[in-house]
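Below is one structure; the comments refer to it alone.
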Protein chains: 4
Amino acid sequence: MSNNEKRHNDPDRAQLRRQQVLDAAATCFKRSGFHGASMSEISKAAGMSAGHIYNYFDSKDAIIAAFVEQNVERVSAILRDLAQRADPLKEMVDDAEGSVSEHVESDRIALQLEIWAEASRNPAIAAVVRDADLRSRSDFRNLLKAARARHQLDASDDVVDGLMEAVIALFHGLHVRAIHNPGAPLPAVVASVRNALRAMLFS
Amino acid sequence: MSNNEKRHNDPDRAQLRRQQVLDAAATCFKRSGFHGASMSEISKAAGMSAGHIYNYFDSKDAIIAAFVEQNVERVSAILRDLAQRADPLKEMVDDAEGSVSEHVESDRIALQLEIWAEASRNPAIAAVVRDADLRSRSDFRNLLKAARARHQLDASDDVVDGLMEAVIALFHGLHVRAIHNPGAPLPAVVASVRNALRAMLFS
Amino acid sequence: MSNNEKRHNDPDRAQLRRQQVLDAAATCFKRSGFHGASMSEISKAAGMSAGHIYNYFDSKDAIIAAFVEQNVERVSAILRDLAQRADPLKEMVDDAEGSVSEHVESDRIALQLEIWAEASRNPAIAAVVRDADLRSRSDFRNLLKAARARHQLDASDDVVDGLMEAVIALFHGLHVRAIHNPGAPLPAVVASVRNALRAMLFS
Amino acid sequence: MSNNEKRHNDPDRAQLRRQQVLDAAATCFKRSGFHGASMSEISKAAGMSAGHIYNYFDSKDAIIAAFVEQNVERVSAILRDLAQRADPLKEMVDDAEGSVSEHVESDRIALQLEIWAEASRNPAIAAVVRDADLRSRSDFRNLLKAARARHQLDASDDVVDGLMEAVIALFHGLHVRAIHNPGAPLPAVVASVRNALRAMLFS
DNA sequence: CATGAATGAGGATTCATTCAT
DNA sequence: GATGAATGAATCCTCATTCAT
């Protein structure tokens with residue numbers, strides 16, 4: 001899990017190769033989980049030899065970590081984007097339907113749960129996950145404060161932080177629900193989520 | 001993953017031994033995850049030889065399944081209990097603080113995430129988890145319908161089912177949040193959660 | 001593989017128990033081979049606990065040895081009986097059909113091959129098998145000498161011993177053929193075997 | 001037992017390695033039997049790690065099957081060669097001595113019995129053995145038909161097939177006799193075998 | 001840069017055997 | 001006599017990792 005990316009003559013090519021591995025890892029991790037996916041499986045998917053992967057990553061754990069980092073960044077980006085709309089509060093309430101289906105139908109659910117489980121056990125992964133979460137929340141917090149100020153709502157740190165936790169929990173929880181009850185009536189779920197969002201965001 | 005509990009002369013002792021194994025498994029699974037925990041590790045924690053465990057469980061997978069079943073039952077029971085109070089709607093809103101801390105501070109979070117991750121990949125575990133969820137929701141649904149009827153609220157199947165999903169998502173999401181941001185300001189989270197609950201339950 | 005049958009208070013009962021085990025072993029060995037049959041499997045078939053078997057046999061190897069001894073005795077007996085008919089030479093030629101079907105259709109073929117394979121590898125079993133063979137050949141030899149003398153044929157030791165080997169080889173070989181070519185045309189096989197027997201016995 | 005030979009960059013080297021394993025297996029199987037020989041034992045004899053063997057064979061069973069295939073091919077080849085002489089009928093009678101010593105003294109007897117025992121219980125091995133036997137008999141049959149036709153003897157399918165069975169049984173039976181009575185008087189055995197062969201082949 | 005052959009430790013599981021009851 | 005709970009060594013097999021080429 002060391003930070004040292006090895007020296008390569010052609011850094012661009014090296015970066016490409018790293019990405020190849022991470023993309024392959026995505027496929028394999030999705031199919032078999034972090035521990036179920038073997039280096040050989042990943043190397044085949046990446047179109048390079050197992051041995052060569054070790055020129056780009058110190059260990060399998062390093063791949064997992066890099067993969068999680070990347071994934072978690074993507075999620076963060078979405079969260080930031082989503083939060084940079086005009087009137088984000090209204091936007092979030094209005095777009096409840098989109099958010100709910102996104103969280104319930106995504107093909108990344110298995111991966112997301114895998115990441116969370118790993119984070120709850122592997123300190124290195126936990127650090128990556130928490131760090132990304134920290135950054136996302138920072139962006140999200142700024143946005144909420146501005147938006148709530150415009151609506152004359154309490155925008156103190158604690159209030160906003162509590163609000164963020166609850167909102168994110170609601171969406172992450174939908175990921176979890178997807179594996180418990182894939183047949184839930186979506187429109188009704190959306191209605192309830194919208195009620196919750198409105199209540200939270202505008203109080 | 002057969003249900004096949006082997007015949008034992010002394011069923012009480014056997015039950016005790018099974019429980020010993022499950023308790024040991026809890027410890028090890030918490031520490032190392034389902035796949036990281038070795039049978040030898042579990043056997044040491046259970047105070048019996050690895051070979052002997054196979055007199056009580058068909059395989060490691062069977063241990064995981066039994067363990068999940070037990071755990072999931074416990075969660076179900078809590079959900080049912082919680083749902084059998086006098087005016088459950090009001091009760092849930094009032095007790096938001098208790099529920100939130102319960103979900104954020106529990107030492108079972110790692111296990112819960114482990115179970116969810118496993119369920120998203122292992123069909124046998126998924127079946128156990130979904131079955132328990134089905135039963136919990138059935139109890140929960142009955143309760144919500146009665147309670148909402150008393151409050152003159154829409155108690156149709158779809159509405160209630162959507163409501164349930166959102167409420168459960170909120171709480172399960174709090175489990176997930178616990179590993180991302182252990183330092184969240186609890187009172188503010190509670191306030192937002194209470195807002196959300198009130199909005200959902202009473203609409 | 002020690003010779004010491006343990007002391008038992010009631011030797012008759014003990015003998016009965018031993019036989020129970022050997023009968024069970026027959027079933028299991030037939031089904032799974034010597035090494036594929038587990039003590040637990042045998043104990044279940046014998047209707048007694050695995051542990052208790054060790055009051056009658058020192059080890060699994062001792063069961064195999066005793067089993068082989070018994071089986072080999074049975075074969076010997078048949079050989080002796082078969083050899084005590086009036087004009088055994090003529091008898092053998094005439095009864096070629098019976099002998100061939102006996103060797104080709106028996107349900108003991110698997111066991112016989114198992115025994116031979118074990119004997120070729122396990123010196124203790126080899127000793128048992130050779131000893132029984134020695135005794136059978138002794139009876140068989142006496143008979144052949146008398147019969148051939150009556151027919152004015154050379155009855156010297158060497159000639160008779162060579163003859164015996166070839167005759168027995170022919171029949172044992174039929175056991176082997178049974179697993180290679182179960183569909184061989186029996187009548188034609190019988191005809192050839194009869195030709196061979198006549199030629200050998202009466203030369 | 002899949003036919004699945006893995007892809008290797010250097011097929012020659014791979015073939016060499018496979019053969020190394022099969023040779024080592026021969027040694028170990030001879031010494032300890034198929035089930036008594038451990039993968040670790042084989043790997044030591046093959047001069048490579050146990051794990052590496054799995055780059056060339058899917059499983060221990062696959063090694064056994066490949067080994068049997070090879071062995072059984074060798075035996076088939078001998079049978080075919082032996083049958084392609086000028087006047088094969090006369091040749092077989094004349095060469096009785098060679099055939100007998102070959103079958104009685106070979107150091108492959110233990111292996112042969114092991115193979116037969118395995119075939120009588122393991123369907124995959126039985127298939128390999130039967131298939132090879134089928135091919136050998138086909139060659140042998142053609143030869144016998146031609147040779148007997150030249151001698152004006154009945155060369156109908158059934159007669160020849162029955163004859164083949166009996167002849168092969170006689171030789172295979174000699175393998176079996178070798179472990180029962182290593183001290184049999186060879187010349188006398190040869191004499192009897194010759195009598196039998198002449199009687200069978202020329203009737 | 002790239003390969004894949006090779007290692008060896010560690011995994012789950014089975015099973016002959018022992019022994020307290 | 002009889003049980004079956006318990007052991008622990010051995011088995012087959014997998015896989016992250018290394019290294020000669």
Side-chain angles (χ1 to χ4, degrees), chain A residues 6 8-10 13-14 17 35-44 47-63, chain B residues 6-10 13-14 16-17 35-43 46-63, chain C residues 6 8-10 13-14 17 35-44 47-63, chain D residues 6-10 13-14 16-17 35-43 46-63:
Chain A
K6 286 150 187 169
H8 293 278
N9 279 348
D10 181 343
R13 180 177 178 77
R17 290 306 232 168
H35 298 293
S38 72
M39 287 299 288
S40 148
E41 193 184 341
I42 295 173
S43 78
K44 242 161 247 148
M48 80 184 70
S49 75
H52 196 38
I53 292 185
Y54 285 83
N55 287 327
Y56 301 107
F57 295 93
D58 278 349
S59 65
K60 189 183 173 185
D61 262 21
I63 298 179
Chain B
K6 282 145 190 167
R7 295 280 157 236
H8 291 277
N9 255 13
D10 182 343
R13 182 179 180 78
L16 193 77
R17 289 308 231 168
H35 298 292
S38 75
M39 286 299 290
S40 144
E41 192 184 341
I42 296 173
S43 78
M48 78 184 74
S49 74
H52 195 38
I53 291 184
Y54 286 83
N55 287 328
Y56 300 106
F57 295 93
D58 279 349
S59 64
K60 189 182 173 186
D61 261 22
I63 298 179
Chain C
K6 286 151 185 168
H8 293 278
N9 277 350
D10 182 343
R13 180 177 179 78
R17 289 307 231 168
H35 298 292
S38 74
M39 287 298 287
S40 149
E41 193 184 341
I42 295 173
S43 79
K44 244 162 245 148
M48 80 183 70
S49 74
H52 196 37
I53 291 185
Y54 285 82
N55 287 327
Y56 300 109
F57 295 92
D58 279 350
S59 65
K60 190 182 173 185
D61 262 21
I63 298 179
Chain D
K6 282 145 191 166
R7 296 278 159 237
H8 292 276
N9 255 14
D10 182 343
R13 182 178 179 78
L16 193 78
R17 288 309 231 167
H35 298 292
S38 75
M39 286 301 290
S40 145
E41 193 184 340
I42 295 173
S43 78
M48 79 184 73
S49 75
H52 194 37
I53 291 185
Y54 287 84
N55 286 329
Y56 300 106
F57 296 93
D58 279 348
S59 64
K60 189 183 173 185
D61 261 22
I63 299 178

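Here is how names work: the chains are called A, B, and so on, in the same order as the sequence lines, proteins then strands, and each is numbered from 1. Note that the coordinates shown come from a computational prediction; the quantities given were computed from them, not determined experimentally.
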Tell me which nucleotide among [options] gets nearest to the side chain of [X].
X: Arg13(C); options: dC15(E), dT17(E), dA2(F); result: dA2(F)
X: Asn55(C); options: dA12(E), dC12(F), dA2(F); result: dA2(F)
X: Tyr54(C); options: dA2(E), dT17(E), dG1(F); result: dT17(E)
X: Met48(D); options: dA6(F), dT7(E), dA16(E); result: dT7(E)

Would you please confirm or rule out a distance under 4.0 Å between OP1 or OP2 of dA5(F) and any side-chain N or O of Tyr56(B)?
-> no

Within less than 4.0 Å of OP1 or OP2 of dG4(F), is there a side-chain N or O belonging to His8(B)?
->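 No, outside the criterion.
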
Rounded distance in Å - [atom1] ([X]) to [atom2] ([N]):
X: His35(C); N: dC12(F); atom1: NE2; atom2: C1'; result: 17 Å
X: Ile42(B); N: dG10(E); atom1: CD1; atom2: C1'; result: 15 Å
X: Lys44(A); N: dC15(F); atom1: NZ; atom2: P; result: 10 Å
X: Asp58(D); N: dC13(F); atom1: CG; atom2: P; result: 10 Å
X: Asp61(B); N: dG11(E); atom1: CG; atom2: P; result: 16 Å
X: Ile53(D); N: dA5(E); atom1: CD1; atom2: C1'; result: 14 Å
X: Arg17(D); N: dG4(E); atom1: CZ; atom2: C1'; result: 13 Å
X: Phe57(B); N: dT14(E); atom1: CZ; atom2: C1'; result: 18 Å

Once you apply the 3.5 Å cut-off to both distances, tell me the Watson-Crick or G-U wobble partner of dT13(E), or none.
->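 Pairing partner, where one exists within any strand: dA10(F).
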
Which base, if any, makes a Watson-Crick or G-U wobble pair with dG4(E), both distances under 3.5 Å?
-> dC19(F)

Ser40(A) and Ser43(A): which non-hydrogen atoms are nearest, and at how many Å?
->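 Result for this residue pair: O-OG, 2.9 Å.
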
For Glu41(C) and Ala37(C), work out which heavy atoms get closest and say how close.
-> OE1-CA, 3.4 Å

Quick one: does His8(D)'s side chain have a donor or acceptor within less than 3.5 Å of a partner on Tyr56(D)'s backbone?
->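 No, His8(D) side chain to Tyr56(D) backbone: no donor-acceptor pair under 3.5 Å.
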
Is the shortest heavy-atom distance from the side chain of Met48(C) to the side chain of Arg17(C) under 4.5 Å?
-> yes

Hey, does Met39(D) have a side-chain heavy atom less than 4.5 Å from the side chain of Ile63(D)?
-> yes

Closest-nucleotide ordering on DNA chain F, the 5'-leading residue of Gly51(A) and Gly51(D) =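 Looking at the nearest nucleotide for each, Gly51(D) comes out on the 5' side.
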
Have a look at Ser49(D) and say if it touches a base, only the backbone sugar-phosphate, or nothing, with a 4.0 Å heavy-atom cut-off.
->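 Result for Ser49(D) = base.
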
Look at all strands and tell whether Ala37(C) reaches a base, only sugar-phosphate, or nothing, counting heavy atoms closer than 4.0 Å.
-> sugar-phosphate

Walking DNA chain E from its 5' end, the first of His52(C) and Ser40(C) to be reached, judged by nearest nucleotide, is Ser40(C)

Of Lys60(C) and Ala50(A), whose closest DNA chain E nucleotide lies nearer the 5' terminus?
-> Ala50(A)

Measuring from Lys60(A):NZ to Ile53(A):CD1, what's the distance to the nearest 0.5 Å?
->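 Lys60(A) NZ to Ile53(A) CD1: 11.0 Å, rounded to 0.5 Å.
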
